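Scroll down for the structure; my scribbles are underneath it.
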Protein chains: 2
Amino acid sequence: MGNSKLYKGSLNTIILKLLEESDKMYGYEITQKVKEITKGELNITEGALYPALHKLEAEGLLDVEMQKVDNRLRKYYKLTEKGTKETANRLTELEEYIRTMQTIINPKWSIS
Amino acid sequence: MGNSKLYKGSLNTIILKLLEESDKMYGYEITQKVKEITKGELNITEGALYPALHKLEAEGLLDVEMQKVDNRLRKYYKLTEKGTKETANRLTELEEYIRTMQTIINPKWSIS
DNA sequence: AACTTATGCATAAGAAAATTATGTATATAT
DNA sequence: ATATATACATAATTTTCTTATGCATAAGTT
């Protein structure tokens with residue numbers, strides 16, 4: 001994960017997108033899912049994840065539901081209505097960001 | 001620039017890439033170039049740029065050359081040999097990051 | 001002549017978001 | 001028995017940025 005610096009600022013968007021796909025997830029599940037879909041490329045640390053989840057909840061973008069499974073507690077998070085709208089915005093911004101960075105990597109202004 | 005958070009961590013890569021393209025540039029020129037190629041989407045602030053340039057120089061990735069133009073001082077930065085190698089690495093990492101984020105935005109793991 | 005905007009560099013204070021290091025606790029595999 | 005996996009949490013520190021400020025010259029405006 002040598003490119004971990006680039007992920008700074010995109011954690012919230014990743015969380016929101018995963019919740020949009022999976023309806024509800026708990027913290028540990030999110031770390032595993034990200035590890036899986038990025039083939040180990042990205043490992044979300046707990047010290048980043050849990051504060052981020054708490055903040056998204058405080059902003060009213062996520063709802064929480066506790067559930068006990070195998071005598072272990074899970075905190076399931078799901079998008080609120082506000083969270084669903086915000087997710088769309090964040091994804092649009094991410095797409096814009098990616099387009100901009102593509103422009104910088106692969107500049108038209110240097111070919112001719 | 002509503003997506004400014006996403007740019008966290010990518011400023012160094014942007015600087016290095018521009019210097020790879022343009023051989024040598026000075027700080028103010030970099031801010032204008034970025035504004036130009038991103039069509040105003042991204043505005044690099046001086047408070048971020050100058051410390052970043054100083055750090056890249058301290059790391060041995062950039063060399064500095066002072067030049068006086070129209071009675072105003074410019075600090076021209078150019079890649080060192082080490083900087084050129086590091087730029088290649090950073091760009092590879094950026095491409096990996098973009099691929100990963102594309103995977104998250106447009107997940108294969110949810111279609112079937 | 002006075003004033004504003006552009007050019008050019010720099011740093012300090014503060015905020016935001018991460019890493020790293022802990023801490024607690026149960027379940028499972030060796 | 002011991003280590004690894006599961007599950008959450010927070011505190012200290014670091015990194016990186018924004019915002020505010022400072023200095024100085026050139027060019028354009030009223």
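All values reported here derive from a predicted model rather than from experimental measurement. Just so it is clear, the values below take in all heavy atoms, side chains as well, and ignore hydrogens, waters and symmetry mates. Letters A, B, ... are given to chains in the order of the sequence lines, protein chains preceding strands, and every chain is numbered from 1.
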*Taking only the side-chain nitrogens and oxygens of A:His54, find out if one of them lies under 4.0 Å from OP1 or OP2 of D:dT10.*
yes

*Got a sec, which residues hit side-chain hydrogen bond (donor to acceptor under 3.5 Å, both in side chains) with A:Tyr76, two or more places apart in sequence or on another chain?*
A:Arg74

*Not counting sequence neighbours, list each pair that qualifies as a salt bridge (Lys or Arg N to Asp or Glu O under 4.0 Å) and has a residue in residues 48-57 of chain A.*
A:Lys55-A:Glu59

_Let me check the geometry of the helix from C:dA1-D:dT30 to C:dT30-D:dA1. What is the bend angle between the axes at its two ends, five pairs each, to 10°?_
10°

_Taking B:Tyr28's backbone N and O only, do any of them form a donor-acceptor pair with B:Thr31's side chain (distance below 3.5 Å, no angle check)?_
yes

*Look at B:Lys75 and C:dA10 and indicate whether a side-chain polar atom (N or O) is within less than 4.0 Å of OP1 or OP2.*
yes

*Residues in side-chain contact (heavy atoms from CB on, under 4.5 Å) with A:Arg72, at least two apart?*
none

*ring pair (Phe, Tyr, Trp, His ring centres under 6.0 Å) pairs, two or more places apart, involving residues 36-74 of chain A*: none

*From D:dT10, D:dA5, C:dA18, nucleotide with atom closest to A:Lys8 side chain*: C:dA18

_Side chain B:Thr80, main chain B:Gly60, donor-acceptor under 3.5 Å_ = yes

*Using a cut-off of less than 4.0 Å, is there contact between a side-chain N or O of B:Tyr26 and OP1 or OP2 of C:dG8?*
yes

*How is A:Lys55 classified with respect to the nucleic acid when contacts are heavy atoms under 4.0 Å: base, sugar-phosphate, or nothing?*
sugar-phosphate

*asked:* Check this for me: does any side-chain nitrogen of one of A:Glu86 and A:Arg90 sit under 4.0 Å from a carboxylate oxygen of the other?
replied: yes

_Base versus backbone protein contacts along nucleotides 20-30 of chain C [heavy-atom cut-off under 4.0 Å; B, S, -]_ = B-----BS---

*Taking atom P of C:dC9 as reference, at what distance in whole Å does atom NZ of B:Lys68 sit?*
14 Å

*Do side-chain atoms of B:Glu95 reach the backbone of B:Thr92 as a donor and acceptor pair under 3.5 angstrom?*
no

*B:Tyr28 OH to C:dT5 P: how many Å, rounded?*
13 Å

*Taking only N and O in the side chain of A:Tyr50, is any of them less than 4.0 Å away from OP1 or OP2 of D:dC8?*
yes

